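Data first, discussion second: the structure below is written as structure tokens.
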There are 2 protein chains.
Amino acid sequence: MENQQRSSDRLYQDVARQLLDELAAGRYPVGSRLPAERDLALRFNVSRPTVREAIIALEVQGLVEVRIGSGAYVLRRPGEGDAPGFNVSAFELTEARLLFEGEAAALAAAQATDEDLAEIEGLVRQIAAENLDPNGTERADRAFHLAIARATRNSAIYNAIEELWNLRSTSPEAALLHEKARHANVKPVVEEHSAVLEALRARDPAAARAAMRAHLSAVLETLLFATEEKALEEARRATQAKRDRYGRATA
Amino acid sequence: MENQQRSSDRLYQDVARQLLDELAAGRYPVGSRLPAERDLALRFNVSRPTVREAIIALEVQGLVEVRIGSGAYVLRRPGEGDAPGFNVSAFELTEARLLFEGEAAALAAAQATDEDLAEIEGLVRQIAAENLDPNGTERADRAFHLAIARATRNSAIYNAIEELWNLRSTSPEAALLHEKARHANVKPVVEEHSAVLEALRARDPAAARAAMRAHLSAVLETLLFATEEKALEEARRATQAKRDRYGRATA
DNA sequence: TTTTATAAATTGGCTTTACCAAAAGGACCC
DNA sequence: GGGTCCTTTTGGTAAAGCCAATTTATAAAA
């Protein structure tokens, strides 16, 4: 029996995450068989249905293939051969959002109707409510950003940004990191969202861009801190230069 | 109780598939709640764990969100985000590219390797060659823009921009308009592409952004002129304000 | 009447037990 | 060696039960 280090609302996610880590670490090579459900249940100290749920989560992601009466076999290592766009890290995703949503906010500042602004204001309040709830979701956060994208009145922009948000839940790596960030109690800060709203209200594209970039820069920071030490070092090397650039690009 | 029409090795896949169909059909709109697990178990004539497995399969795909003690809520319709908008106009598309590719160029200016620059330089020459050929394609043009996107070293950004280019051929309206623009003998101007390349060579993000925006503003203009008179008027009204904004936002 | 507590019902989370069916492994016979 | 049959292992699924979070209904209080 092993510890259940991380804790989550849903047990199967913990198990799936640990298996994912082991797959990524190469503990179970491609083609090899995972331990039997019953054994995994013992090892993780959970019931067999929970193990089944975790394995199904891996199966849906195309990581393993389950053969009746035989076992669950590794198809690929996480991150390899993913569908296009599957293999984006949380850093890449947030960097892309930083650039794209910054521009979207600027455009929205000149396009948003009073109805848009009212909707966004309501979502800021919902984000505040979500923040108070320790088990709160990020639904209002997503809705906030998509509402701004919609306010551009450009469906191509909206689709692109929505796709980035979808990747966040689709990409195993990104989902993993965001999950960790959430558990580290780093939640969307209301002030940052409010700043964006105020800039939109003022119809100030430059301010809206700056506020949105500042918000997503902060998100990028939380992602860095949510990363474990070894991964952190590598990531920091890779993103340090980028963070510098944001300063310049924002100016 | 309903039939179990399809048969599969794994029962949860049947249930997930049926739920997926119902989501696609709009039976459960975005934001609404799925029936309780116990009810679904009755309806599909399976056990509750099987229903749980099916819902987890949807959850992993980012289709629903499960809230403890409340239910499973629809996040999006399947296909949304997977294959974004058919209904995008050439103007929206180009506006999105103006914003996104401008930022990508700025990022690429600080990221591009000498190999990237060499490749891009070669593509500029190919674009020049395409311009001379009356039957030439736009392949080099596309490759030029994607090479810059790739030089950002951010796959999320690359995927988003590539998707915009794909929409150009997917969206009937956009394809039609671009076709007209081509026949009007308005082809990508080499000088504009060269300006982008020079800014990249100078590692100047602001200049790269400006050059890319200038290029795509010009494309937007050619689209306007390629439009028939009546459509033109309407489009001009709708985009005049936007063109003004670009000037401000670029500064 | 409105608001606020409180209790009951609903809903997902997870475990345990049990049995079936497919696959794999091994013993035995030819 | 090569089959054949039986046993073991492994996943597939069902059923029942209890817990915890949430929601809703209800009643009390302001």
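Computed from a predicted structure; not experimentally measured. So you know, we letter chains A, B, ... as the sequences are listed, proteins then strands, and number each from 1.
- For Arg17(B) and Asp14(B), the salt-bridge test fails: no basic side-chain N is under 4.0 Å from an acidic carboxylate O.
- In this structure, Glu59(A) pairs ionically with Arg10(B), as a charged nitrogen and a carboxylate oxygen lie closer than 4.0 Å.
- In terms of the salt bridge (charged side-chain N to carboxylate O under 4.0 Å, His left out) criterion, residue partners of Glu198(A) (sequence neighbours excluded) are, by chain and number, Arg201(A).
- Distance Arg33(B) CZ to dG12(C) C1': 10 Å, rounded to the nearest Å.
- If you measure from atom CZ of Arg52(B) to atom P of dG12(D), you get 17 Å, rounded to the nearest angstrom.
- When the C1' atom of dT22(D) is taken as reference, atom CD of Glu37(B) falls 14 Å away, rounded to whole Å.
- If one axis is set at each end of the helix from dT1(C)-dA30(D) to dC30(C)-dG1(D) from five pairs, those axes are 10° apart, to 10°.
- Across all non-hydrogen atoms, the minimal contact from Ile157(A) to Leu107(A) is CD1-CD2, 3.6 Å.
- Classification of Glu103(B) and Arg213(A) as a salt-bridged pair holds, one side-chain N sitting under 4.0 Å from a carboxylate O.
- Nearest heavy atom pair, residue Ile161(A) against residue Ala149(A), reads CD1-CB, 3.9 Å.
- For the pair Glu53(A) CD and dG11(D) P, the computed distance is 16 Å after rounding to whole Å.
- Smallest separation of non-hydrogen atoms from Leu23(B) and Pro78(B): CB-CD, 3.6 Å.
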Nucleotide N/O to protein N/O under 3.5 Å, stretch nucleotides 15-24 of chain C:
residue, atom, partner, partner atom, Å
dT15(C), OP2, Ser47(A), N, 3.0
dT15(C), OP2, Ser47(A), OG, 2.6
dT15(C), OP2, Thr50(A), OG1, 2.5

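- We find that CZ of Arg10(A) is positioned 15 Å from P of dA21(D), with the value rounded to whole Å.
- Between the P atom of dT10(D) and the CG atom of Asp39(A) lies a distance of 6 Å, rounded to the nearest Å.
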| request: Start with the C-alpha distance between Tyr158(B) and Glu92(A), add both sets of side-chain angles, then the distance that settles side-chain contact (heavy atoms from CB on, under 4.5 Å), and finish with yes or no. | output: CA-CA 10 Å; Tyr158(B) 177 82; Glu92(A) 288 179 310; over 6 Å; no
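- Note on residues 104-115 of chain A: pairs passing salt bridge (Lys or Arg N to Asp or Glu O under 4.0 Å), not counting sequence neighbours, are Asp114(A)-Arg203(A).
- Under the ring-ring contact (aromatic ring centres under 6.0 Å, His included) criterion, Phe100(A) pairs with Phe100(B), not counting sequence neighbours.
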Between the protein and nucleotides 24-26 of chain D, which nitrogen or oxygen pairs come in under 3.5 angstrom?
none

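- To the nearest angstrom, P of dT10(D) lies 12 Å from CG of Leu34(A).
- In this structure, CD1 of Ile56(A) is placed 8 Å from P of dG12(D), rounded to the nearest angstrom.
- Taking all atoms of both residues into account, the shortest heavy-atom contact from Val74(B) to Tyr28(B) is CG2-O, 3.7 Å.
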